[in-house]
J.: 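One structure coming up, written as structure tokens, with questions to follow.
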Protein chains: 2
Amino acid sequence: MLEERIRMPALRQRVVSAEEAAALIQDGMTLGISGFTRAGDAKVVPQALAERVRRTGERLRIQLWTGASVAEEVDRTLCEAGVVVRRLPFQSDPVLRAAINRGEVMYVDQHLSQTVEMVREGQLGPLDVAILEAVAITEDGGIVPSTSVGNSPTFAHMAKRIIVELNTRQPLLLEGMHDIYEPGPRPHRDPIPLTRVDGRIGQPAIAVPPGKIAAIVVTHRADHFAPLAAPDAETEQMAGHLLEFFDHEVRRGRLPESLRPLQSGVGSVANAVLHGMLDGRFHNLEMYSEVLQDAVFDLLDAGKMRFASGCAITVSPARAQEIMSRLVAYRDRIILRPQEISNHPGIIRRFGVIAINTAIEVDIYGNVNSTHVLGTHMMNGIGGSGDFARNAYLSVFVTKSTAKDGRISCIVPMVAHVDHTEHDVQVVVTEQGLADLRGLAPRERAPLIIERCAHPAYRELLREYWRDAQRFGGQTPHDLAKALSWHVRARDTGSMLPDDSPRPAAADAARRAAAARAGMVSGRR
Amino acid sequence: MLEERIRMPALRQRVVSAEEAAALIQDGMTLGISGFTRAGDAKVVPQALAERVRRTGERLRIQLWTGASVAEEVDRTLCEAGVVVRRLPFQSDPVLRAAINRGEVMYVDQHLSQTVEMVREGQLGPLDVAILEAVAITEDGGIVPSTSVGNSPTFAHMAKRIIVELNTRQPLLLEGMHDIYEPGPRPHRDPIPLTRVDGRIGQPAIAVPPGKIAAIVVTHRADHFAPLAAPDAETEQMAGHLLEFFDHEVRRGRLPESLRPLQSGVGSVANAVLHGMLDGRFHNLEMYSEVLQDAVFDLLDAGKMRFASGCAITVSPARAQEIMSRLVAYRDRIILRPQEISNHPGIIRRFGVIAINTAIEVDIYGNVNSTHVLGTHMMNGIGGSGDFARNAYLSVFVTKSTAKDGRISCIVPMVAHVDHTEHDVQVVVTEQGLADLRGLAPRERAPLIIERCAHPAYRELLREYWRDAQRFGGQTPHDLAKALSWHVRARDTGSMLPDDSPRPAAADAARRAAAARAGMVSGRR
């Protein structure tokens with residue numbers, strides 16, 4: 001078994017326990033670990049490290065770099081042990097999130113394509129230890145990643161030492177599904193030669209000098225994926241609006257029936273919207289995305305999608321075992337890439353990707369907040385949404401029109417934090433409808449977003465704001481004294497609704513859905 | 001003379017008057033004209049069109065697309081004639097700006113690299129007529145641009161008809177300085193093969209089917225450049241801080257003495273900062289920028305810069321004639337490219353450009369407003385700043401710490417409009433000092449920006465805001481009820497200073513300058 005997974009005999013002597021490997025990590029170090037949206041993260045060494053600190057009471061403070069979010073075994077455990085002082089570039093763990101929002105952990109929220117550029121140039125300081133999950137180590141010491149690639153190639157390249165978590169639970173069939181490519185040094189870097197979603201430009205494993213592999217820990221743990229909420233009536237409406245829009249674009253000759261390579265953000269809403277593609281007229285679809293969630297496998301199974309390129313396979317716990325057991329069916333139809341390639345601005349523009357990302361809130365001019373609840377508190381992070389939205393052929397943002405049982409409007413006068421500016425937002429979709437903002441000035445965007453996307457309970461309030469704001473003039477009229485008043489009200493009362501405003505009752509959901517279906521999808525040319 | 005400039009004999013019959021050419025333009029059309037930062041814009045046909053409308057009183061409404069800003073001959077004249085209903089992607093004319101801010105002209109403010117992608121895909125509707133300034137038409141009908149390339153190749157490619165303004169005032173020596181390259185159709189586009197700042201990947205002229213050239217108008221008008229404010233004590237201090245920072249990076253081994261290809265935004269401040277490079281230890285510099293202003297020519301003359309790639313030559317009126325008369329000295333050291341190449345996200349990242357752009361205001365977390373005065377009124381537009389800042393090796397934003405004689409602080413609690421998010425802003429420079437934000441969380445950024453960059457007259461007010469904001473917690477603490485209060489005060493009173501706060505007197509300028517020089521440049525690792 002070990003021979004099959006560690007094919008370079010000399011390296012078999014480096015197999016140690018998780019505790020022995022963790023002993024390589026000292027106070028003040030920076031760790032770079034594998035993992036992207038909870039797929040393929042290092043699992044047992046970070047836990048052994050936290051356990052050691054709890055046992056010995058020693059002072060240990062580390063900077064923790066990852067690909068993207070990792071499971072609680074890492075983020076929660078290390079955070080609870082008080083070990084993490086700085087964290088980048090993305091997270092989604094509730095315990096870590098709370099520590100970040102208390103100001104205890106310095107969280108550097110980055111575009112996912114950018115971290116390794118800064119790491120390679122030494123702009124973030126040295127990387128001491130990389131901890132990388134692998135399904136195998138090749139004859140010449142190459143590290144074969146598991147369910148994600150993330151930032152692992154650069155972490156391996158830049159770290160002083162590498163610890164491999166060889167996970168025998170991850171299917172060996174994953175070998176060959178990765179395409180490891182790292183761009184050369186700047187300023188005389190060659191163009192990245194990828195010209196097709198299914199193109200291969202690199203190697204199946206991460207090449208490292210075998211001497212750098214300081215320890216190998218054998219594990220047998222499944223990825224700890226988060227549940228995905230099932231599609232509901234509102235996500236189905238959102239998918240319906242988007243499919244109708246794509247249909248319109250196909251009829252106008254602007255898109256083929258295979259559309260363009262699709263990207264879909266992480267999470268339930270984006271997954272549900274993509275899931276809606278099972279019903280459309282579209283076929284021969286391609287994915288050029290970061291995370292491949294359940295809906296991608298459904299589309300592949302249904303023969304709707306021909307190929308999916310991503311950085312990670314992150315499926316719901318309910319589906320994981322079944323999908324992994326049928327990996328052979330996907331082997332030739334999926335490629336996993338380093339996140340700087342899956343999210344590369346130049347390649348996203350080269351392919352002309354259709355990007356579908358989720359917003360926390362959108363303002364009447366189309367600026368998007370995708371990270372900060374009420375402008376101050378971090379939810380997860382910007383992730384790859386900026387990489388895709390800025391460079392896409394078409395940048396779509398989806399959100400339900402309200403949150404917290406209608407007490408929060410996701411369409412607001414002014415977003416309280418901006419992650420995506422109006423320049424990078426072309427289509428906004430809620431269960432109410434779709435606003436096509438292409439080629440429109442802010443003064444044209446506002447009425448369209450209010451009428452198409454806002455919840456009826458907030459629509460008149462938004463109209464009123466928009467009417468009053470115009471008194472102040474400008475390209476982007478705002479009454480700055482009131483622009484954030486909805487957020488202040490929500491902060492202080494838990495609701496954006498003024499006292500005298502009717503609350504959206506669950507009872508009117510059917511009426512709203514009917515109205516939404518009755519053709520509020522517009523704003524087209 | 002005409003033979004030298006119009007080398008395809010059949011096309012000489014297409015020479016007409018400006019009025020005859022303007023007759024091709026009808027109500028409801030979309031015009032795409034040459035011009036980028038007032039260089040190489042179409043000059044006489046737009047004026048003849050405005051004149052016709054004034055004379056006949058006819059109804060004529062057009063959409064106007066350009067490369068970037070054009071001179072008043074176009075924007076002001078057409079705006080005053082009431083002809084322009086929609087304008088993109090950038091402008092800087094006071095008359096047009098006022099019309100935009102009154103909501104009379106719909107202004108679509110775009111990243112400069114993106115317009116042609118949307119035009120080629122038909123996302124902005126059809127292009128009826130392109131009006132392109134040229135220095136010559138080649139033997140096979142190719143259009144040789146003048147002092148800018150802008151969006152002209154795609155406008156020529158997509159327009160139904162082309163009007164050429166053959167400008168005999170523009171030196172024929174410009175021929176050969178352009179590198180015309182247009183990427184192929186998506187999604188199977190080849191990589192753009194540019195791997196060096198001085199690389200050539202295209203042709204010296206814009207190839208068009210000669211039959212598409214409907215009219216040629218011979219002109220003899222100089223580009224109408226805007227004056228550049230001379231470097232002053234404060235811009236010299238800003239340059240000093242930045243040079244000291246670069247020096248530090250070189251000593252740390254993170255940058256070579258030739259630095260990285262430089263980009264510098266349009267305008268006096270960016271030009272002045274670049275001008276400061278004449279004094280540094282840096283040499284063999286390269287420019288990969290959009291606009292080449294006076295300082296670039298000074299650096300080339302001084303032998304400090306080896307090569308400059310741009311989209312336009314935009315020099316001050318005082319220098320224009322002299323520089324144009326010595327064009328032979330620059331011919332082999334300057335290349336002009338289409339703006340989608342000069343501003344291409346993938347190429348900016350490939351080269352690892354150092355981007356230096358100007359801000360209107362910066363907030364304590366490093367978010368930048370570069371377009372909207374007091375959050376509502378458009379100044380010019382985002383231009384190429386987003387193309388560069390997002391993809392740069394290092395993204396620097398410069399601004400004086402105050403405006404309006406100290407009544408406006410350019411460091412504010414929260415910017416009232418966001419063009420560049422904290423993710424895209426790594427270094428902030430004012431005359432007070434420099435804040436290096438790389439790898440820092442928002443809670444670390446705030447004190448650094450306040451202490452290093454804010455004007456002393458606002459520093460205590462900012463400290464107070466920052467102290468109070470932390471009570472609300474979060475990754476990015478804000479007191480949303482007060483976050484925009486400085487802007488509201490300025491809107492209502494003309495000043496951000498509370499009544500009881502001391503005004504920064506001109507008298508303390510010397511003290512401030514001395515303090516700034518005495519080493520407030522920090523925030524380094």
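Here is the naming used below: chain letters follow the sequence lines, and residue numbers restart at 1 for every chain.
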J.: Tell me whether A/His188 contacts the main-chain N or O of B/Arg196 through its side chain, where contact means a donor paired with an acceptor under 3.5 Å.
T.: no

J.: So, A/Arg390 and B/Asp387, do they make that salt bridge, N to O below 4.0 Å?
T.: no

J.: Tell me, with the steps shown, if B/Thr195 and A/Arg189 meet side chain to side chain contact (heavy atoms under 4.5 Å, CB included).
T.: CA-CA 6 Å; B/Thr195 57; A/Arg189 176 183 289 178; over 6 Å; no

J.: Is B/Tyr288 close to chain A through its backbone or its side chain, or both, or neither, when contacts mean heavy atoms under 4.5 Å?
T.: neither

J.: Name the region of A/Arg97, side chain, backbone, both or neither, that has any atom closer than 4.5 Å to a heavy atom of chain B.
T.: neither

J.: Where do A/Tyr393 and B/Glu117 land on the side chain to side chain contact (heavy atoms under 4.5 Å, CB included) test, with the steps shown first?
T.: CA-CA 8 Å; A/Tyr393 158 79; B/Glu117 296 281 18; over 6 Å; no

J.: What are the two closest heavy atoms between B/Asn101 and A/Arg443, and how far apart are they?
T.: O-NH2, 3.3 Å

J.: Looking only at heavy atoms, what is the nearest atom pair of A/Pro191 and B/Arg350, with distance?
T.: CB-NH2, 3.5 Å

J.: Would you mind checking which part of A/Pro183 comes under 4.5 Å of any heavy atom in chain B, side chain (CB onward), backbone (N, CA, C, O), both or neither?
T.: neither

J.: Which one of B/Asp479, B/Val105, B/Val197 has the most heavy-atom pairs closer than 4.5 Å to chain A?
T.: B/Asp479

J.: May I ask you to name which of A/Ser113, A/Gly253, A/Ala469, A/Gly184 has the most heavy-atom pairs under 4.5 Å with chain B?
T.: A/Ser113

J.: Do B/His417 and A/Thr476 have a side chain donor and acceptor closer than 3.5 Å?
T.: no

J.: I'd like to know if B/Glu340 pairs up with A/Arg349 as an ion pair, taking the criterion as any Lys NZ or Arg NE/NH1/NH2 lying under 4.0 Å from an Asp or Glu carboxylate oxygen.
T.: no

J.: Side chain, backbone, both or neither: which part of B/Asp492 has a non-hydrogen atom closer than 4.5 Å to chain A?
T.: neither

J.: Could you go through the side chain to side chain contact (heavy atoms under 4.5 Å, CB included) check for A/Leu484 and B/Leu484 one step at a time?
T.: CA-CA 8 Å; A/Leu484 299 176; B/Leu484 299 177; 3.9 Å; yes

J.: If you count heavy-atom pairs under 4.5 Å with chain B, which of A/Val488, A/Ile192, A/Asp109 comes out on top?
T.: A/Asp109

J.: What residue in A/Leu88, A/Ile382, A/Asn391, A/Asp190 has the most heavy-atom pairs under 4.5 Å with chain B?
T.: A/Ile382

J.: Report the option among B/His423, B/Arg86, B/Met106 that has the most heavy-atom pairs separated by less than 4.5 Å from atoms of chain A.
T.: B/His423

J.: Looking only at heavy atoms, what is the nearest atom pair of B/Gly346 and A/His344, with distance?
T.: CA-CE1, 4.3 Å

J.: Count the heavy-atom pairs under 4.5 Å between each of B/Ala98, B/Pro261, B/Pro89, B/Ala481 and chain A, then report the option with the highest count.
T.: B/Ala481

J.: Using a cut-off of under 4.5 Å on heavy-atom pairs, state which of A/Met118, A/Gln63, A/Gln110, A/Gln470 scores highest against chain B.
T.: A/Met118

J.: Under a 4.5 Å heavy-atom cut-off, does chain A meet the side chain of B/Leu255, its backbone, both or neither?
T.: neither

J.: Using 0.5 Å steps for rounding, measure from the OG1 atom of B/Thr421 to the CG atom of A/Asn367.
T.: 11.5 Å

J.: Given that the side chain runs from C-beta out, which part of B/Pro193 has a heavy atom under 4.5 Å from chain A: side chain, backbone, both or neither?
T.: backbone

J.: Determine the minimum heavy-atom distance between A/Phe472 and B/His377, stating which atoms define it.
T.: O-CE1, 3.1 Å

J.: So which of B/His420, B/Arg102, B/Glu444, B/Arg445 has the largest heavy-atom pair count under 4.5 angstrom toward chain A?
T.: B/Glu444

J.: Given the options A/His372, A/Glu286, A/His487, which has more heavy-atom pairs under 4.5 Å with chain B than any of the others?
T.: A/His372

J.: By a 4.5 Å heavy-atom criterion (distance strictly below it), what part of A/Gln426 contacts chain B: side chain, backbone, both, or neither?
T.: side chain

J.: Side chain, backbone, both or neither: which part of A/Tyr365 has a heavy atom under 4.5 Å from chain B?
T.: neither

J.: With respect to chain B, which residue among A/Ile348, A/Asp424, A/Thr371 yields the maximal number of heavy-atom pairs within a distance under 4.5 Å?
T.: A/Asp424

J.: What pair of heavy atoms forms the shortest contact from A/His478 to B/Thr376, and how long is it?
T.: N-CG2, 3.4 Å

J.: Please look at B/Leu480 and chain A and tell me whether the side chain, the backbone, both or neither of the residue comes under 4.5 angstrom of a heavy atom of that chain.
T.: both

J.: With sequence neighbours left out, write down each residue that passes ring pair (Phe, Tyr, Trp, His ring centres under 6.0 Å) with B/Tyr107, or none if nothing qualifies.
T.: none

J.: Looking only at heavy atoms, what is the nearest atom pair of B/Gly439 and A/Val108, with distance?
T.: O-CG2, 3.4 Å

J.: What verdict does the salt bridge (Lys or Arg N to Asp or Glu O under 4.0 Å) test give for B/Arg260 and A/Glu121, after you've listed the backbone C-alpha separation in whole Å, the side-chain angles of each residue and the deciding distance to 0.1 Å?
T.: CA-CA 12 Å; B/Arg260 285 292 174 81; A/Glu121 307 264 14; 2.8 Å; yes

